[in-house]
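Computation of the quantities below employed the complete heavy-atom set of this structure, encompassing side-chain atoms and omitting hydrogens, waters and symmetry-equivalent molecules. In what follows, chains carry the letters A, B, and so on, assigned in the order in which the sequence lines appear, proteins first and then strands, with residues in each chain numbered from 1.
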Amino acid sequence: MSGHTYSALRHPLVDPPRSLSQITDEIAAPMERAPSASFWAALGAAVALLALGAGMVTYEVATGIGTWGLNKTVGWAFDITNFVFWVGIGHAGTLISAILFLFRQKWRTSINRSAEAMTLFAVMCAALFPLIHMGRPWLAFWVFPYPNSRGSLWVNFRSPLLWDVFAISTYFTISLVFWFIGLIPDLATLRDRAAEGSLRRKIFALLAMGWNGSGRTWHRYETVYLLLAGLATPLVLSVHTIVSMDFATSLLPGWHATIFPPYFVAGAVFSGFAMVLTLMIIARKVLGLEHMITVRHLENMTKVIIVTGGIVGLAYGTEFFTAWYSGNPYERFTFINRAFGPYAWAYWTMISCNVLSPQLFWFRKIRTSPWAIFVVTIFINIGMWFERFVIVVTSLHRDFLPSSWSMYRPTVVEVGTLIGSFGLFFTLFLLFTRVLPMISIGEVKSVLTFARQPAGSASHAVPAAAAPVLEEGAA
Amino acid sequence: MSPVSQRRFAAQFASEEPLLAATREARERGFSIDDVFTPYAVHGLDEAMGLAPSRLPWVCFGAGLTGLVSMLSFEIWTSAVSWRLNVGGKPFDSLPAFIPVAFEFTVLCAGLGSVAALLLRTKLWPGRAPAVLPGTTNDKFTLVVHARAESDETLRALFEHHGALACGPLQPDAPAPAAPPAIATVAP
Amino acid sequence: MPHDEKKPWQSLAALRGDPAELARAEREFAEELPVGPGAIASGHAHGALVQLRSGGDVSRRGFFGLMGLSAAAVGIAACQRAPVAKVVPYLSEPDGIVPGVSNWYASACAGCDAQCGVLLKSRDGRPIKVEGNPEHPLSQGGVCAVGQASIVSLYDASRARAPLERGQPIGWDALDAKVLAGLEDARSKGKAIRVVAPLRTGPTFESTLAQFLAAWPGARVARFEPSGELTALADAHQAAFGARAVPSIHLDRARTLASFACDFLGSWVAPVAFARQYAKGRALPLIEREGGKLGQAEGAPPDFARRHWQLEPALSLTGASADRRHPLAPSELVPALGGLVRRLALRSMHPDRAAIANALPRASEPRELAAPLDALAAELSASGAQALVLCGASDLTAQALCVAANQLLGAYGTTIDIASGASLPAADLPLAQLFTELEAGQVGAVIFLGTNPVYAHPDGEKLAELLARAPLSISTADRLDETARDVALLAPDHAPAESWGDSEARRGLTTLRQPALMPLFETRAAVESLSAWSAGKKHTQHELLCARAEAELYPRALHKEPRFDLFWTRALHDGFVETEETPLPASFSVAQLGSLFALPLATPSDTELWLHSSVALRDGRWSNNAWLQELPDPLTKTVWDNAACIAPARATALGLDDGDLITVTANGRSITLPVLVQPGTHPATLAIAIGYGRTAAGNIGNGVGVNAFPLLSGRGPARNFIEARLVKSGGQKPLARSQTQASLEGRPHIRTATLAAWSADPGASNPEEEKLDSLWSGHEYPGHRWGMAIDLGSCTGCSACVISCQAENNIPAVGRDEVSRGREMHWLRLDRYFAGEPDSPEVLHQPMLCQHCTNAPCETVCPVLATVHSSEGLNQQVYNRCVGTRYCANNCPPKVRRFNWFEYRHDDPVERLALNPDVVVRSRGVMEKCSMCVQRIQEGKALARRDGRPLADGEIQTACQQSCPSQAITFGDLNDPNSRVAKLTRDARAYRLLHELNIGPVISYLTRIKNTGA
């Protein structure tokens, strides 16, 4: 950015000032220094959880869905709850990287890389559940329309579950590509930092695909990046809309609601931002990136949370209103049962975590103290998990015919699988912080001078950095 | 792109502002810009280099359209032609229900299409390893112009006036963009 | 320097340059490979290999081609997934067996003593289904749940497979030798020979038994009936008429029916026949409704005076259908009946009315029953001969009072008839005396003919000890049951489907039993054993049966045949024979009857035990039957357990809730079992089902529930109720129930109206459905369009359909644990709701199965098209396409879809014989549900096509419809406007479940009509 971004009103995005090479060094540092003991501890814990989850899934697939607490009335519970939860988490990544990019929100630059990574890992966790919730997961490939010897027997394009298949796979692919395209310049940087002939250099050279920072390439690169951002934005909205249609297009009271798409998208952003914050607050501390992921970043995100939290709260209210106003006895019963029935505890957990706790962010003091934010975001993560649980289970367990009403209790296997999905998520995230730049080097450099004294001053600000070659020349 | 045989002159800067200034002036003085190498996307550089807007959006649009049409027709064909099945009393061609999948596929094709186009057009693919000007991917900004020997001095003056860290001609047969030896062998 | 290079040579011939040898060396392979024309001729290799040859023999290239091809072929062959199983074709097809085509054998049901006529569906030589015999005069095509499930008991892996001596196999000859020696020894020592036989066997059995008794002078028979109900009934009639018989009853003729704790629809005497009569009596005419306009009534107008009163201690299936129901304590039965008889005597013109009134027991009836009894008496005497009073208690006084009441009403001859009753053998030796004889060591030999008193007699434990004192003890049980465990010798009987036999359901009607398969094991019919143990020649059961038939039936048969063999063929084909019989000599005498009134009465207390037989397990003889154990009780919805039912008020008073364990003590015997708070139970009553708590029924039935028989220990007159003590013993045993919600929450899934309201408006409480708009035009269903109508007015909730469906469709029983998790697999279930006052609630039953919705919500959501609509309007589940997302089940409003949570094994070599080959056995992870017996539909269509005729209405019957005793279910083609189902669908009473959702079920329910009005 040249000086035109300068304004007394703006706050620098990188504080205190850094030189270009310092940025490179600092961001590359975590990958070049040996992992700390705390990292190993964290990774060990994550892998342990992952192993637990793997064990549970293996047992379930080998024995049958009967190892879960489901019954003839409640056909979905933890499985789909976790699925929606993880997809929701994922959405914040795309939102931050794509939508904020379109809105030219410069402050996104220091968080979008890890947010995108989070998206990928969350979608991996999410995709796991529709797979293992099948009675015969080994036949999961039948959900893809491929020519076969059965007729050909195709798939049912009317089923929201099939829409999910396409939505999730598209979402994952596009997010992966978007993320990788963003990585190329940084991969080149890492390539050029690595020692000549080292394996590290070979690997990064392969991944950087011969990036040389040519202005012409940058020109096209920027164009495509913009295009991808433009595509990812409607995509992320469509994905959670489709996820919500799993419920909205059914005829079950408590599922069959037209407000689900916006309600779910807002919920996704809400939970996603909470998860990003949770991770960022840990990461910036552990990796010492406080000056790039500044309190201002955190504060901006809490504001997004206040808004989306408000939308979610409104949706809860609207559901009850429509239930009452519709005069449909089944609908009415479902919502009364939700708030005062056997699963009321889950409902009120959801309300207090999702509607009440974000209100704390109205206070600047809380908005600006990382640990306070951390605590609140944890509550939101819990609350948003329960939101999905409430929607799935309380609607199912008492529907049209009282004769088939029943209760659902999760088994160890289900809880273990949920924990395992967190293990998978954190394992991937920790590895990511080690092998790839957590912050987009190129983009941060581009906002280095943001809101600073413009012009050549940059070169004065950094005599040391540019010196060697110059002096060699002058000598 | 300019023919490799052409003689080129490179100048290296420490930040984007002098680079942009130098690029503009070099163009105003009638020098043709070979390329500029920067550690990040410098805002306004395309305009300074006088690059025309990219045509990649059209590729994106085309790919997206292909995706939309092909998936919609596939859905209708499978559900209403290839094997008609009475599903929930809905018509064989339940168009409204086909839209979500068609949309997703549109986005997929558009995204992959434009990325593929980018990589091909900018010759980026695994295994390509062109020589990179030192520091380009870290903190150096290098401007490369086509120049005959007689104009070297004017260029050097111009670039040094803009605070070039170093400048000099590139080897004529050096594969573009090669490290300008001149930069290493400036002066005595 | 001369150029001399050492030339290598392989053989002297080669060195010599022998041309043949050189040619051989040229060749790539020393000898000819087995390929090429010659090889093909010798069948060595495939013709295609010819082209691999170059010149005279196989080239290296050709050879590798061949190798590659073989490798590829082997690889491809290895892709074969299914294991290669050995199949053995019929070389010479057995006569009468066409693979894939069922044979039907008319036979008699052995589920209980009712002896209904059944057809055994046999496939490839093994019976797989019990269906009702429509021609049978009594059951008329119905079969109860027990009868349906008997097919599993036939293939029960716990059956004894050979004669045993103290558990060790012993040959039949050895066994017979031992028995005869033992009997001989007893005779010589002057010791008693005793036989314990069931109360109701069959004429052939009785005559064989008589021969045995004749062969062993001094031998005597004790009759044993676990639930003494028939005994009491017969004894009362013996006293009154001098004829020890079970009267034949015609409920259809009864305008006013007063039932005192008589569960005639559930378990009493002959439930199937009674249900059929009951439904016939209350049938409503069919009145079509179209756009608010009513059509012509089709069928006889209903009898508005017809009313069924039920006075009972605990809710029974019969009580659930009653128009008026009043709870009363068991000890109030006799006083109440007495009060009724007194009232009837006042109104009656019967000559003996005074005598009867004077003889009545002195106990005064409970105050709160005075008013109902007045009303009841008024209605009864108004109906006069078309009234009927029944009592289900095995209490002599109560039965005697019933006889008196019916006598005063003049009902004998119309609604109840002793002259055409089924006579029972005269009481010979009281069982109690056998106990004393055993104790005294006077018994030399005791034979238990298919009876199990060690389990079912209140003092069974004592008997078990006493048996050791008898030198020879034998049982003919079909397994090592409680009694058989304690006797010396087990001479295992055939399963009913393996044996011949006959039975007299009523005078002049003999039901014949013929086997449908060869005995599975080394067993022998009890009659054959008896005949073997009588002096003289052994006879096979078939000989014995034929002999009797030729002597007794043939001469007197209504349907004459020129020759016996023709008659016999016809009789076996029909499954029954009707003969002209002289009516039973029966003359009414008050004196004898009055003496029964004088018997000691039950003492009232705040806790009175009421032992009743459950619809599924009856007296416990089929306890090892998983289908019956898992059949939800129609009233409590519990499975795999018996609980103590107490009134809600009493439960709150005692601080008890479902599943709390209590200890019940009576006669110094105690049992501990869980409580079930059951509406409709009298506050003083503690109702416990018998038939549970078996210890030697088999691996399935052992230890399920608790045995309540011992509580009646040492009772005086046979009686199934007694005062008891109840202690909350702490602890919990959660009950496994298929339905936990008892209230309809005011939802209109079941619609009811009074007969009065119906006569005013046939569409009472059933407003006509408005046509719903749809986005879609929908699909055409040319040809057939299958549909069903279920008349909630006729449905009694007997659950026969549930088991019939289970048998037809290979539905697994999943066990107590899984059911308590809400995972029972029944495709057809019976929903039961309570309405009104908890002390005497209205009970609503509704058979619930896949509604085969026209706009099926389940189909839209399946991602892989595993559930789609057929061109005949059926909602089909494609098992092998299903990946098990369960989305369909979630989106199914009536929640009738069932998921295979685990691999439910069918791998016991014997038990799997019961599987229906027409229906695939579903694997784990697959959704399943009602298919409307599509296999039967296809069979019916195929038969019609073969005969080149259109399919007749009612020709295809679904399993549930076929077995329904009250014909509440009708299946057929909705496209045929004159089909019965189409008419019922247009009936003013017909409504569709959840019509407002526009799912368009093809199943219609018909409003339930009750004559409760004043």
Do [X] and [Y] have side chains that approach each other closer than 4.5 Å (heavy atoms only, starting at C-beta)?
| X | Y | result |
| --- | --- | --- |
| A:T24 | B:D139 | no |
| B:Y40 | A:P185 | no |
| A:T223 | B:P57 | yes |
| A:N156 | B:S79 | no |
| B:I76 | A:F157 | no |
| A:W218 | B:T38 | yes |
| B:E75 | A:W154 | no |
| B:M49 | A:R216 | yes |

Which of the residues [options] is involved in the greatest number of heavy-atom pairs with chain A at under 4.5 angstrom?
| options | value |
| --- | --- |
| B:V59, B:L108, B:T136 | B:L108 |
| B:D46, B:L119, B:L118 | B:L118 |
| B:L124, B:V36, B:T122, B:L85 | B:L124 |

### Query
Can you name the closest pair of heavy atoms from B:V107 and A:I174 and give their distance?
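Heavy atoms of B:V107 and A:I174 come nearest at O-CD1, 3.9 Å.
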### Message
Give me the atom names and distance for the closest heavy-atom approach of B:L45 to A:G215.
### Response
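That closest heavy-atom pairing would be CD2-CA, 4.2 Å.
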### Query
Is the closest side-chain donor-acceptor distance between A:S152 and B:W83 under 3.5 Å?
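On atom types as modelled, these side chains do not qualify, holding no pair under 3.5 Å.
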### Among the listed options A:M245, A:E443, A:R158, A:M209, the residue most often paired with chain B at heavy-atom distances under 4.5 Å
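Heavy-atom pair counts peak at A:M209.
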### Task
May I ask you to name which of A:R193, A:E222, A:R220 has the most heavy-atom pairs under 4.5 Å with chain B?
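Sorted descending by pairs with chain B, the first entry is A:R220.
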Look only at the side chain of [X] and the backbone of [Y], and say whether a donor-acceptor pair between them is shorter than 3.5 Å.
| X | Y | result |
| --- | --- | --- |
| A:K445 | B:N138 | yes |
| A:H219 | B:A52 | yes |
| A:T189 | B:T137 | yes |

Nearest-0.5 Å distance, [atom1] of residue [X] to [atom2] of residue [Y]:
| X | Y | atom1 | atom2 | result |
| --- | --- | --- | --- | --- |
| A:S21 | B:K140 | OG | NZ | 7.0 Å |
| A:N212 | B:D35 | CG | CG | 7.0 Å |
| A:I181 | B:S114 | CD1 | OG | 9.0 Å |
| B:F103 | A:T170 | CZ | OG1 | 9.5 Å |
| A:L20 | B:E16 | CG | CD | 8.5 Å |
| B:C60 | A:L231 | SG | CG | 4.5 Å |

When you look at [atom1] of [X], are more than 12 heavy atoms from neighbouring residues, nucleotides or ligands closer to it than 6.0 Å?
| X | atom1 | value |
| --- | --- | --- |
| B:F61 | CZ | no |
| B:R55 | CZ | no |
| A:H256 | NE2 | no |

Which atoms of [X] come close to chain B, meaning under 4.5 Å heavy atom to heavy atom: side chain ones, backbone ones, both, or neither?
| X | value |
| --- | --- |
| A:P160 | neither |
| A:S238 | both |
| A:I441 | neither |
| A:L206 | both |
| A:T217 | both |
| A:I242 | side chain |

### Query
Residues of residues 93-101 of chain B under 4.5 Å from chain A (heavy atom pairs)?
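Interface residues of residues 93-101 of chain B: B:S94, B:A97, B:F98, B:P100, B:V101.
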